[in-house]
Amino acid sequence: MLTVKTIENNRESIVSRLKVKGFDAEAIVDEIIETEGTRRKKQAELETLFAEQNRVAKDAGVRIGALKKEGKHEEAEIVKQNAAEESAKFKTLSAALETEVAQLEKQLHDKLVLLPNLPHESVSAGKSAEHNEIVKESGTIPEATQLPHWELATKYGLIDFEAGNKLTGAGFPVYTGKGAKLQRALISLFLDHNTEKGYLEVQPPLLINADSGFGTGQLPDKEGQMYHVTDDDFYLIPTAEVPVTNLYRNVIVAENELPIKLTAYTPCFRREAGSYGKDVRGLNRLHQFDKVEIVQITKPELSYAALDEMVAHVEELVKKLGLPYRILRLCGGDISFHSALTYDFEVYSTAQERWLEVSSVSNFESFQSNRLKLRYKTQQKKTELLHTLNGSSLALPRIVAALLENNQTDKGIIIPDALVPYTGFDIIS
RNA sequence: GGAGAAAUGGCCGAGUGGUCGAAGGCGCGCGCCUGGAAAGUGCGUAUACUCCAAAAGGGUAUCAAGGGUUCGAAUCCCUUUUUCUCCGCCA
């Protein structure tokens with residue numbers, strides 16, 4: 001959510017920059033500025049009213065006190081009655097104004113949440129995924145025409161898709177044997193890699209409340225994409241980003257604690273309504289999957305350096321696994337509502353002959369922290385919004401898909417060296 | 001789940017109807033003192049919004065949250081939430 005101040009002070013540039021995201025902000029920005037003007041005026045009126053009321057009460061109080069001391073109880077009673085009448089008048093006026101202000105605030109809020117984050121200047125105006133810029137491509141792509149991972153998973157007894165269908169439904173696979181062990185190994189490898197680089201490991205709840213959903217932007221924007229436990233009004237987390245970032249909701253961080261670097265492994269739950277076809281085959285798109293996430297909270301002026309650092313960090317991890325990968329800078333049409341700049345990592349899936357997204361690293365600037373009320377105190381004792389960033393490091397299913405497909409040999413599936421200490425085996429056969 | 005107690009600033013803690021955004025202490029910041037430090041000592045030390053060109057200085061709100069009583073609420077009443085203690089249940 002952009003701050004009202006930002007909108008007021010940068011009307012023109014906001015409208016033009018949001019065009020990069022294909023968003024026509026002109027009307028809504030004007031409405032926000034107008035509503036805010038009215039709100040402020042009404043708020044000032046209301047506060048003046050309160051000030052008068054406070055003064056009346058104070059004066060009356062002083063007089064009542066004095067009169068009572070002198071034993072003039074009847075006179076005190078008269079003062080009391082006068083004050084009561086005045087107070088009643090104020091209350092009628094202020095009640096009306098309060099309703100008005102509350103309505104204006106709601107209107108303002110409803111409009112503010114419609115505005116996407118401003119894209120970084122390096123974000124191009126492309127309309128869809130084809131227009132993303134390939135920043136880097138690395139690794140050798142093996143020969144094609146081998147078994148897809150869903151066949152390999154069945155062949156080696158790694159994943160039981162049918163059992164998942166029975167227990168829950170499509171998109172909830174059951175990992176078995178070396179398949180299950182591989183999951184655990186990947187999670188450990190990823191977490192170790194992250195903690196070695198100074199990320200603090202946390203284990204958050206998997207259900208969150210609506211306030212948390214709002215803080216990171218899943219609510220109200222992506223309401224339908226989360227599983228909702230209606231009896232308790234909880235949501236299953238779609239990513240660890242939500243609980244981990246929300247640790248800092250309503251927090252004023254001490255400057256010396258920055259930057260904050262956190263990592264968490266969690267299962268992720270996504271309804272993915274409307275997905276179908278080859279995109280969802282096997283491990284390509286699941287309702288429940290495992291992911292290790294990294295989150296950083298930094299001072300505004302350092303957030304892009306942090307983004308670069310996170311991209312480099314994720315790249316190391318992909319390299320450790322020996323998978324061919326590429327890094328994309330998302331264009332305006334493909335970047336998310338909340339992000340200012342996003343880099344996607346994709347690994348090549350040999351049998352499917354296509355790239356699979358395995359990580360998305362984003363700088364949200366102050367878009368989340370404004371919702372979260374996540375701030376720090378500057379040297380000048382000003383409180384200022386911080387910047388939040390996060391990235392997958394990494395999401396498991398498509399990594400597994402690529403590992404299985406790319407590393408298959410006549411003898412079996414070769415486990416990358418970096419992973420062997422965690423799996424305890426170097427081949428799946 | 002049942003019974004009871006509690007919730008005050010960064011922390012501890014005082015405050016049962018008025019001049020209380022809140023004593024006192026700790027911590028922290030800036031001084032003084034000192035050769036340097038400790039001790040001592042002086043001053044300062046919440047957040048949001050808002051008025052003012054800015055600063056200085058005002059205004060409003062906030063003592064878990066929401067509502068109520070009252071001329072006036074940290075203080076009284078109601079609801080909710082959370083925490084603690086005891087009992088029950090339980091991995």
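Letters A, B, ... are given to chains in the order of the sequence lines, protein chains preceding strands, and every chain is numbered from 1.
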Would you kindly give the [atom1]-to-[atom2] distance between [X] and [N], to the nearest whole Å?
X: A/Leu49; N: B/U50; atom1: CG; atom2: C1'; value: 16 Å
X: A/Asn250; N: B/U81; atom1: CG; atom2: P; value: 20 Å
X: A/Lys41; N: B/C51; atom1: NZ; atom2: P; value: 13 Å

### Query
Does OP1 or OP2 of B/C20 have a side-chain N or O of A/Lys58 closer than 4.0 Å?
no

### Contacts of type side chain to side chain donor-acceptor pair (under 3.5 Å), residue A/Glu405, not counting sequence neighbours
A/His149, A/Ser349, A/Gln352

### A/Thr383 side-chain proximity, nearest of B/U50, B/C71, B/A48
B/A48

#### Entry: Minimum-distance nucleotide (side-chain atoms of A/Arg375 versus B/A48, B/U50, B/G72)
B/A48

### Query
With sugar-phosphate meaning primed atoms plus P, OP1 and OP2, does A/Ala44 contact a base, only sugar-phosphate, or nothing at under 4.0 Å between heavy atoms?
nothing

### Task
Mark up nucleotides 53-59 of chain B, 5' to 3', with B wherever a protein heavy atom is under 4.0 angstrom from a base atom, S wherever such an atom reaches only the sugar-phosphate, and - elsewhere.
------B

### Query
Taking only residues two or more places apart in sequence, or in another chain, which ones meet A/Phe214 in a ring-ring contact (aromatic ring centres under 6.0 Å, His included)?
A/His109

List, one per line, each side-chain donor-acceptor pair under 3.5 Å for residues 160-174 of chain A, sequence neighbours excluded.
| from | atom 1 | to | atom 2 | distance (Å) |
| --- | --- | --- | --- | --- |
| A/Asp160 | OD1 | A/Glu162 | N | 3.2 |
| A/Asp160 | OD1 | A/Ala163 | N | 2.9 |
| A/Asn165 | OD1 | A/Ala170 | N | 3.4 |

### Sequence neighbours excluded - salt bridge (charged side-chain N to carboxylate O under 4.0 Å, His left out) pairs with any residue from residues 417-426 of chain A
none

### Query
With A/Val79, which residues qualify under side chain to side chain contact (heavy atoms under 4.5 Å, CB included), at least two apart?
A/Ala60, A/Arg63, A/Ile64, A/Leu67

